[in-house]
Amino acid sequence: MSLFCRAACHASIVIILLIMYFLIFQNWPENSNTHVSEVEQQLRSTISHPALLHNTCQCPKGSVMLKDYVPKEQYGELVKRRTQEFSKHKTRTTSVLSRLLFALPNSPLQYPIQGFTVRPLTPALIPGLGLYAGKRSSYKVHLNVAKGVLTTTNLTEGATVEGNGKRVLTIESRSLVQLNKLLANVSYTSTVYHIHTGDLVSFQFEKHEAFFTIVIQQPRLPVLYDMGRDVSAHVTIVTKTFLRYTQLNVLLKSIRHFYSNIKVIVADDSFKPQNITGDGILHYIMPPAQGWFAGRNLAVSQVTTKYFLWVDDDFEFTENTKIEKLVEVMEANPELDVVGGSVQGNQFYFSLLYNEGDEDGGCLHVKSNNKFHSLPGYPSCFLVSGVVNFFLARTDSTRKVGFDPKLQRVAHSEFFMDGLGSLLVATCQHVSIAHQAPKNDNIQKQYSQFRHPPQSDVNFKLQLYFFKNNLKCYVRT
C-alpha cells in the first residue's frame with residue numbers, strides 16, 4: 001500500500017469517528033437521560049452481581065482443615081457461638097465506609113469523593129457540592145443522609161429549600177448560580193455519637209443519582225515519646241525466661257558489654273525463681289509456667305520507651321548487634337511497626353495471605369521466606385508479614401495487638417497473625433544476634449519437656465485458629 005493511500009485511509013477513519021462522536025454526544029446533558037438510565041441499570045446490576053459480593057475462599061491442597069480438630073460433639077454449638085462472635089466483630093469493624101461505590105458516567109453532579117471527615121455531633125460544611133447542567137427553567141436537587149441532618153444558609157428569593165435541619169434536604173431554584181451558592185453552604189451534622197463510623201449521602205438531580213461517604217471520626221490524642229539523645233532513651237530490651245538462668249546470665253552480660261546503661265526487663269515464670277540483679281535490670285516474677293505469651297505481655301506492659309527490642313533468653317549480643325541501626329530504619333520509616341534482624345545468620349521471615357471467606361470461615365496461607373519488596377532507602381530490608389524472634393517493635397502498636405496468653409508454649413506466628421492489617425513489618429539483614437549453643441544438662445532436659453508440647457497442645461492451637469481467627473483452613477509452605 002502506498003504512503004498516499006495509507007494517509008487517505010487514516011483520514012477517512014478520523015472523519016468517521018468525528019461524525020460518530022457528534023451524533024452520540026451532542027447535547028448530552030439534555031437528551032441522553034434514556035441512555036444514562038440504561039448505563040445506570042447495567043452498573044447497578046454489575047454492583048449487585050453475586051460474584052462480586054460473595055467472598056468465598058478455596059483451601060489449597062495440603063491445607064489443615066481446622067474443623068477436623070474440633071471435637072464432633074462440640075462442633076455444632078461452637079460454630080453457632082463463632083458465627084455470633086464474628087457477626088459482632090463485623091459490626092465493630094465495618095460501616096458504610098466499607099461499601100463499594102461506583103461513579104456513574106457523565107454525571108452533572110459534583111461532590112467530594114475522599115477526605116471529608118467530621119467530628120461526631122459537630123456541624124461541618126460539605127465541600128465541593130455543585131451542579132453542572134444545561135439550560136432549564138428550574139433546577140431541583142435532593143440530598144439524603146441516614147445518621148445526621150443537613151442544613152443550608154443564605155436563603156434568597158427565587159429559591160425554595162425544604163427539609164432544613166432534617167435528613168432529606170431539597171433545594172430548587174430558577175437560577176443555576178443561585179442553586180450552587182446554596183449547595184456551597186450545605187452543612188452536615190451527625191446525630192449519632194460514634195468514635196469511628198460514616199454516613200452515606202445520596203445526591204440526586206433528575207434521573208442522576210450519586211453516592212458519597214462522610215467519615216465521622218473522633219480525633220485521637222497523639223501518644224508521643226521523648227526520644228532523648230542516647231539509645232537507652234529510645235529502646236528497652238525485653239525477654240522472657242523459664243528455668244534457663246545460665247543462658248539468661250550470658251545474655252545479660254553480653255548486653256552490658258555493648259550497652260552499659262540500657263534498661264532490660266525480664267519476665268520470669270520459673271518454678272524456683274533465682275535473684276537477678278544489676279543496674280537497669282527489672283525482674284518480674286510470675287506464677288509458675290504461665291507461658292510464652294503471658295510473659296511477653298507482662299514484659300511489654302512495663303516498657304516506657306518508644307521502642308522495645310525483643311530477644312530470647314538464650315541469645316547473645318555481638319559486635320553486629322547494633323540496636324541503633326534498627327532504630328534508624330524505624331525512624332526513617334515512621335509507618336513501620338516491627339523490624340526484625342537475623343539470628344545466627346538466619347532471618348526467618350514469612351508472608352501471610354488471608355482471604356476472609358464467607359460464613360464457613362477464611363483461608364490463611366503462611367508462606368515461609370516470602371517477602372513483598374525492599375524498603376525504600378534500605379536495600380537489605382524487605383517488607384514481610386512476620387519475622388524471627390529478634391525484632392525491634394513500636395511499643396504502642398504492639399500493645400494494641402498484644403500476645404494471646406492462651407498460647408503458653410510454642411507460639412510466635414500467632415502474634416503476627418493477630419497483627420495482620422495492623423502492623424507493618426520489615427526484616428533487615430544488616431543487624432544480627434548470636435544464639436547460644438544448647439546446654440546438655442538436667443535443666444535443659446527439664447526445659448525441653450515444656451518447650452516441645454504434646455499433640456494436645458497443637459490441637460488446641462488449631463482449635464483457636466478455628467474460633468478466634470474464624471478460619472476454615474490454614475496451610476504453611
Side-chain angles (χ1 to χ4, degrees), residues 85-86 88-95 97-98 117 120 194-198 215-227 234-240 263 265 267 284 286 290-311 326-327 329-331 333-340 349-352 354 356 362 364 366 372 375 383-408 411-427 464-465 467-471:
E85 286 299 309
F86 186 64
K88 294 173 185 176
H89 164 77
K90 297 295 287 184
T91 300
R92 283 179 54 83
T93 57
T94 60
S95 67
L97 304 179
S98 307
T117 301
H194 198 290
I195 59 172
H196 183 61
T197 185
V215 178
I216 304 169
Q217 186 166 23
Q218 177 63 50
R220 291 178 291 180
L221 287 170
V223 178
L224 307 179
Y225 291 84
D226 187 357
M227 291 285 285
H234 307 167
V235 180
T236 301
I237 299 175
V238 296
T239 190
K240 155 74 173 60
K263 184 188 291 184
I265 295 176
Y284 290 91
M286 304 170 61
Q290 289 300 294
W292 180 240
F293 271 13
R296 276 192 174 186
N297 273 333
L298 173 57
V300 173
S301 74
Q302 300 305 304
V303 173
T304 59
T305 51
K306 184 175 183 178
Y307 303 113
F308 69 87
L309 183 76
W310 178 264
V311 294
L326 293 178
V327 173
V329 173
M330 292 281 269
E331 288 293 295
N333 297 272
E335 293 180 329
L336 279 177
D337 298 293
V338 178
V339 176
Y349 51 85
F350 56 90
S351 64
L352 297 171
Y354 169 61
E356 187 179 80
L364 182 68
V366 183
F372 300 116
L375 197 62
L383 291 171
V384 293
S385 298
V387 293
V388 72
N389 261 350
F390 168 55
F391 58 83
L392 185 77
R394 197 174 298 275
T395 303
D396 57 343
S397 300
T398 305
R399 284 177 180 156
K400 290 173 184 176
V401 175
F403 303 91
D404 191 341
K406 292 188 182 76
L407 298 165
Q408 294 186 320
H412 179 66
S413 307
E414 290 73 18
F415 164 64
F416 295 101
M417 288 168 58
D418 290 346
L420 185 64
S422 299
L423 300 177
L424 188 63
V425 183
T427 180
L464 196 66
Y465 293 171
F467 191 101
K468 173 189 166 184
N469 300 119
N470 200 55
L471 290 178

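- For the pairing with Met330, the side-chain contact (heavy atoms from CB on, under 4.5 Å) check across Lys306, Glu335, Arg394 returns one residue only, Arg394.
- Looking at Lys468 and Asp404, their side chains come closer than 4.5 Å, going by heavy atoms from C-beta outward.
- Nearest heavy atom pair, residue Pro120 against residue Ile216, reads CA-CG2, 3.9 Å.
- Residues Ser351 and Phe372 come closest through the heavy atom pair CB-CZ, 3.6 Å.
- Nearest approach of Ser385 to Phe416, heavy atoms of both residues: O-CD2, 3.3 Å.
- Nearest heavy atoms, Val311 versus Phe390: CG1-CD1, 3.9 Å.
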Go through the steps to decide whether Tyr465 and Glu414 satisfy the test side chain to side chain contact (heavy atoms under 4.5 Å, CB included), and finish with yes or no. CA-CA 9 Å; Tyr465 293 171; Glu414 290 73 18; 2.3 Å; yes
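- In this structure, Lys263 and Thr305 have side chains that are not in contact, with every pair of non-hydrogen atoms separated by 4.5 Å or more.
- Applying the ring-ring contact (aromatic ring centres under 6.0 Å, His included) test to Phe467 and every residue at least two apart in sequence or in another chain returns nothing.
- If you take OH on Tyr284 and OG on Ser301, they are separated by 7.5 Å, rounding to the nearest 0.5 Å.
- Closest approach of Ala426 to Val387, counting heavy atoms only: O-CG1, 3.4 Å.
- Using a 4.5 Å heavy-atom cutoff, the side chains of Leu375 and Leu383 are in contact.
- To the nearest 0.5 Å, atoms CG (Asp337) and OG (Ser422) are separated by 8.5 Å.
- Residues satisfying the side-chain contact (heavy atoms from CB on, under 4.5 Å) criterion with Ile195, sequence neighbours excluded, are Tyr193, Gln218.
- In this structure, Glu356 CD and Leu364 CG are separated by 13.0 Å, a value rounded to the nearest 0.5 Å.
- The two residues Ala267 and Leu298 have their closest heavy-atom pair at CB-CD2, 4.2 Å.
- How far CG of Leu423 is from OG1 of Thr398: 6.0 Å, rounded to the nearest 0.5 Å.
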Let's go through Leu471 and Tyr354 carefully: what are the C-alpha distance in whole Å and the side-chain angles of both, what is the deciding distance for side chain to side chain contact (heavy atoms under 4.5 Å, CB included) to 0.1 Å, and is it a yes or a no? CA-CA 9 Å; Leu471 290 178; Tyr354 169 61; 3.8 Å; yes
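- With respect to Trp292, the ring-ring contact (aromatic ring centres under 6.0 Å, His included) criterion is satisfied by exactly one of Phe415, Trp310, Phe403: Trp310.
- Looking at heavy atoms from C-beta onward, Leu326 lies out of side-chain contact with Phe391 at the 4.5 angstrom threshold.
- Checked against side chain to side chain donor-acceptor pair (under 3.5 Å), Tyr225 has no partners two or more places apart in sequence or in another chain.
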Are Arg399 and Val303 close enough, and set up right, to give a side chain to side chain contact (heavy atoms under 4.5 Å, CB included), and what steps lead you there? CA-CA 10 Å; Arg399 284 177 180 156; Val303 173; 3.9 Å; yes
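- How far CG of Leu309 is from CD1 of Ile237: 5.5 Å, rounded to the nearest 0.5 Å.
- Considering only heavy atoms from C-beta on, Thr239 stays 4.5 Å or farther from Ile265 through its side chain.
- A donor-acceptor pair under 3.5 Å is absent between the side-chain atoms of His196 and the main chain of Val215, judged by distance alone.
- Note that the CZ atom of Phe86 and the CG atom of Asn469 stand 11.0 Å from one another [nearest 0.5 Å].
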Take Thr427 and Val339 through the side chain to side chain contact (heavy atoms under 4.5 Å, CB included) test and state the conclusion after the steps. CA-CA 5 Å; Thr427 180; Val339 176; over 6 Å; no
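- Two residues are said to be in side-chain contact when any heavy atoms from C-beta on lie closer than 4.5 Å; Leu407 and Leu464 meet this criterion.
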